[in-house]
Amino acid sequence: MNVSDQALFQKMEEELRQAKELSGAEQNAHLHTLKILTELALSETKTDVAPQNDAAHIPHESTPAVPPALNQGKKLDMSDGANGDSLFDF
């Protein structure tokens, strides 16, 4: 479903006008709607315009964060002898 830019901008102006007139939670609701309309306008712009520079539009692949091994098979060396092989060694 294609929405014309003029209709989208008209709705954005209406939401902004209502947000200016209100305060508190009601204002936040209109600002949230304005944010969604802005994101919609930007997403339509991205799909309509072909990327000019492929290097600028490389998707970032997120690598999962792997926690480092805590002890890596090595015993902690504590001079007071409080760290034994068992969890119950105090």
Side-chain angles (χ1 to χ4, degrees):
M1 177 177 180
N2 291 334
V3 179
S4 71
D5 288 341
Q6 285 300 328
L8 193 59
F9 292 144
Q10 184 178 7
K11 184 65 178 171
M12 290 170 72
E13 288 173 357
E14 179 183 328
E15 289 295 326
L16 180 60
R17 181 184 52 77
Q18 290 176 355
K20 286 180 178 180
E21 294 173 358
L22 300 171
S23 64
E26 293 172 336
Q27 183 183 43
N28 286 342
H30 288 286
L31 291 174
H32 182 71
T33 303
L34 184 61
K35 176 185 173 190
I36 292 172
L37 291 170
T38 304
E39 290 172 351
L40 177 65
L42 290 173
S43 70
E44 285 183 358
T45 303
K46 283 183 182 179
T47 57
D48 291 344
V49 177
Q52 295 178 4
N53 186 358
D54 290 338
H57 298 288
I58 296 174
H60 297 285
E61 294 183 18
S62 61
T63 57
V66 178
L70 296 177
N71 62 4
Q72 298 178 355
K74 299 177 185 174
K75 289 172 97 177
L76 291 176
D77 185 23
M78 301 285 289
S79 61
D80 62 358
N83 192 18
D85 290 336
S86 174
L87 227 129
F88 300 106
D89 290 340
F90 295 104

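Only heavy atoms go into these numbers, but all of them, side chains included; no hydrogens, no water, no symmetry mates.
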With rounding to the nearest 0.5 Å, note down the distance linking [atom1] in [X] to [atom2] in [Y].
X: Glu14; Y: Leu37; atom1: CD; atom2: CG; value: 10.0 Å
X: Glu15; Y: Thr38; atom1: CD; atom2: OG1; value: 10.5 Å
X: Asp5; Y: Met12; atom1: CG; atom2: CE; value: 10.0 Å
X: Gln18; Y: Leu31; atom1: CD; atom2: CG; value: 11.0 Å

Practice item. Say whether Leu34 and Phe9 are linked into one hydrophobic cluster, either directly or through other cluster members, by side-chain heavy-atom distances under 4.5 angstrom. Key: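 The answer is yes; both residues are in one hydrophobic cluster.
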Check your understanding: Under 4.5 Å between side-chain heavy atoms, hopping through other hydrophobics if needed: is there a path connecting Leu16 to Leu22?
Key ->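 No: no chain of side-chain contacts under 4.5 Å links Leu16 to Leu22.
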Review point. Would you say Glu26 has more than 12 foreign heavy atoms packed within less than 6.0 Å of its CD?
Key: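 Atom CD in Glu26 is not packed in, count stays at 12 or less.
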Point to revise | Arg17/Glu13 salt bridge by N-O under 4.0 Å criterion | key: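 Not counted as a salt bridge, because no side-chain N and carboxylate O are separated by less than 4.0 Å.
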Check your understanding: If you look at every heavy atom in Gln27 and Ala19, which pair is closest and at what distance?
Key ->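 Of all heavy-atom pairs spanning Gln27 and Ala19, the closest is NE2-O, 3.1 Å.
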